[in-house]
Undergrad: 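Before I ask anything, here is the structure I am working with.
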Amino acid sequence: MAQKRAWQRMLSGRRLDLLDPTPMDIEIEDIAHGLAFVARWNGQTKGDYAYSVAEHSILVEEIFRRLYPAEPVKWQLAALLHDAPEYVIGDMISPVKAAVGAEYGELDERLAAAIHLRFGLPAKTPAAIKKKIKKADKVSAWLEATQIAGFSEPESDRFFGRMDPALVTGFRIRLRPPVETRAAFTARHAALMAGL
C-alpha cells in the first residue's frame with residue numbers, strides 16, 4: 001500500500017514534508033506569503049480585507065517589544081514567528097483545535113521547531129519567553145476583538161483579560177492587501193535577522 005502524501009510544494013519550489021519538516025525546506029518568503037493569505041477569526045472581521053495572520057504576527061511582535069523592551073532580538077523574532085506554522089496548516093479557532101485533538105498540536109510543534117532552527121532560534125521556545133509571547137498575543141487578540149471582530153470591551157475582557165489602557169493605547173488594527181502585508185512581514189523579519 002502506498003504511503004499517503006504528506007508534503008506540499010511551496011511557491012519557492014521547496015517541497016515541505018508536513019509530517020517530518022526540515023529547516024532546509026523553510027523559506028521566509030513562503031511563510032510571509034502563506035500567512036498574508038490566512039485570515040484570522042475565520043474571516044469574520046470588518047473591513048475590505050481579511051485580517052491576516054501575517055498582520056497579527058507583526059502586531060504581536062510590536063506589542064512584545066513594548067511589553068519587554070529589554071528582551072534580545074532573538075525573542076522578538078520568536079514573537080514574529082509565533083504563528084508561522086499556520087502558513088501551511090491554517091489558523092483554527094480554539095474550539096476547532098480542541099475538537100481536532102492532540103494531532104494538531106503535534107503537527108504545529110514539529111513545524112515550529114523546523115522554522116525556529118531555520119532562523120537560528122532554539123527548536124523549543126523557553127517557557128518564560130513563550131509566556132511573554134502569549135501575553136502579547138492576548139493583547140493583540142483583545143485589540144482585534146474590539147476593533148474589527150465585533151466584540152464589546154467587556155466581552156473581550158472576559159475572553160482575553162482586562163487590558164491596561166496604557167498598554168493598548170496607540171495600537172490600531174491595520175487592514176491591508178495581502179501583497180502589502182507580505183512585504184511588511186518579510187521586511188520586519190529581515191530587520192530582526194540583521195540584528196541577531
Undergrad: Does Arg182 use its side chain to pair, donor to acceptor, with the backbone of Pro177 at less than 3.5 Å?
TA: no

Undergrad: Under 6.0 Å from the six-membered ring centre of Tyr68 and within 45° of its axis: does the NZ or CZ of Lys132 meet both?
TA: yes

Undergrad: Indicate if Ile115 and Ile129 have the same hydrophobic cluster label, given that clusters are the connected sets of ILVMFWY residues with side-chain heavy-atom separations under 4.5 angstrom.
TA: no

Undergrad: Could you go through Arg176 and Tyr49, starting from their C-alpha distance and side-chain angles, then the distance that decides it, and tell me whether this counts as side chain to side chain contact (heavy atoms under 4.5 Å, CB included)?
TA: CA-CA 6 Å; Arg176 302 186 263 189; Tyr49 298 100; 5.7 Å; no

Undergrad: Which value, rounded to the nearest 0.5 Å, describes the distance between Arg188 atom CZ and Leu80 atom CG?
TA: 7.5 Å

Undergrad: Rounded at 0.5 Å granularity, tell me how far CD in Glu71 sits from CD1 in Ile133.
TA: 9.0 Å

Undergrad: How long is the straight-line distance from CG of Leu81 back to CD of Gln76, given to the nearest 0.5 Å?
TA: 12.0 Å

Undergrad: May I ask you to say whether Glu62 pairs ionically with Arg66, meaning some side-chain N is under 4.0 Å from a carboxylate O?
TA: no

Undergrad: More than 12 foreign heavy atoms under 6.0 Å from CE of Met24: is that the case here?
TA: no

Undergrad: Quick test of your reading of the model: are Arg40 and Glu55 salt-bridged, counting only N-O distances below 4.0 Å?
TA: no

Undergrad: How would you list all residue pairs meeting ring pair (Phe, Tyr, Trp, His ring centres under 6.0 Å) that involve residues 167-196, not counting sequence neighbours?
TA: Phe119-His189

Undergrad: Within this structure, what is the CD-CG distance for the pair Gln147 and Leu175, rounded to the nearest 0.5 Å?
TA: 9.5 Å

Undergrad: Look at the side chain of Asn42 and the backbone N and O of Gln44, then say whether any donor-acceptor pair between them is shorter than 3.5 Å.
TA: no

Undergrad: Under a single-linkage definition using a 4.5 Å side-chain heavy-atom cutoff for Ile, Leu, Val, Met, Phe, Trp and Tyr, are Phe159 and Val96 assigned to the same hydrophobic cluster?
TA: no

Undergrad: Looking only at heavy atoms, which two atoms of Pro178 and Phe37 are closest? And how far apart?
TA: CB-CZ, 3.5 Å

Undergrad: Determine yes or no for a side-chain-to-main-chain donor-acceptor pair under 3.5 angstrom, with His116 supplying the side chain and Leu121 the backbone.
TA: no

Undergrad: Apply side chain to side chain donor-acceptor pair (under 3.5 Å) to the pair Trp41 and Asp91, showing each step before the final yes or no.
TA: CA-CA 8 Å; Trp41 303 90; Asp91 180 38; over 6 Å; no

Undergrad: State, to 0.1 Å, how close Ala123 and Leu117 come at their nearest heavy-atom pair, and which atoms those are.
TA: N-CD2, 3.9 Å

Undergrad: Partners of Asp25 by salt bridge (Lys or Arg N to Asp or Glu O under 4.0 Å), sequence neighbours excluded?
TA: none

Undergrad: If we count only N and O atoms by modelled type, under 3.5 Å, do the side chains of Ser57 and Glu61 hold a donor and an acceptor together?
TA: no

Undergrad: Can you tell me how far OG1 of Thr22 sits from CG of Leu16, rounded to the nearest 0.5 angstrom?
TA: 7.5 Å

Undergrad: Can you find a heavy atom in the side chain of Thr146 that is under 4.5 Å from one in the side chain of Ser152?
TA: no

Undergrad: Check the pair Val88 / Leu18 against side chain to side chain contact (heavy atoms under 4.5 Å, CB included), numbers first and verdict last.
TA: CA-CA 8 Å; Val88 288; Leu18 300 175; 3.8 Å; yes

Undergrad: Is Thr45 close to Glu144 at the side-chain level, that is, under 4.5 Å between some pair of heavy atoms?
TA: no

Undergrad: Between Ile58 and Phe64, is there a shared hydrophobic cluster once you connect ILVMFWY residues whose side-chain heavy atoms come closer than 4.5 Å?
TA: no

Undergrad: Can you name the closest pair of heavy atoms from Ser140 and Val60 and give their distance?
TA: CB-CG2, 3.7 Å

Undergrad: Can you check whether Gly13's main-chain N or O pairs, donor with acceptor, with Arg9's side chain at less than 3.5 Å?
TA: yes

Undergrad: Please report the closest heavy-atom contact between Ala32 and Ala54, naming both atoms and the distance.
TA: O-CB, 4.5 Å

Undergrad: I'd like to know if the side chain of Asp17 and the backbone of Asp20 have a donor-acceptor N/O pair within less than 3.5 Å.
TA: yes

Undergrad: Is it true that Val38 and Met10 fall in one hydrophobic cluster, defined by side-chain heavy atoms closer than 4.5 Å?
TA: yes

Undergrad: Taking C-beta and beyond as the side chain, do Pro21 and Arg110 meet within less than 4.5 Å on heavy atoms?
TA: yes

Undergrad: Between Arg118 and Glu27, does the salt bridge (charged side-chain N to carboxylate O under 4.0 Å, His left out) criterion hold? Intermediate values first, please.
TA: CA-CA 8 Å; Arg118 170 66 175 86; Glu27 296 293 343; 3.5 Å; yes

Undergrad: Please check if the number of heavy atoms outside Asp48 that lie under 6.0 Å from its CG is greater than 12.
TA: no

Undergrad: How long is the span from the CG atom in Leu35 to the OG1 atom in Thr181, to the nearest 0.5 Å?
TA: 10.5 Å

Undergrad: Hey, any chance Ile148 and Ile63 share a hydrophobic cluster, counting ILVMFWY side chains that come within less than 4.5 Å of each other, even indirectly?
TA: yes

Undergrad: I need the minimum non-hydrogen distance between Ala112 and Pro85, along with the two atoms involved.
TA: N-CG, 3.7 Å

Undergrad: Listing request: all ring pair (Phe, Tyr, Trp, His ring centres under 6.0 Å) pairs with a residue in residues 75-110, at least two apart in sequence or in separate chains.
TA: His56-His82

Undergrad: Evaluate the side-chain proximity of Leu59 to Tyr51: yes if any heavy-atom separation is below 4.5 Å, no if none is.
TA: yes

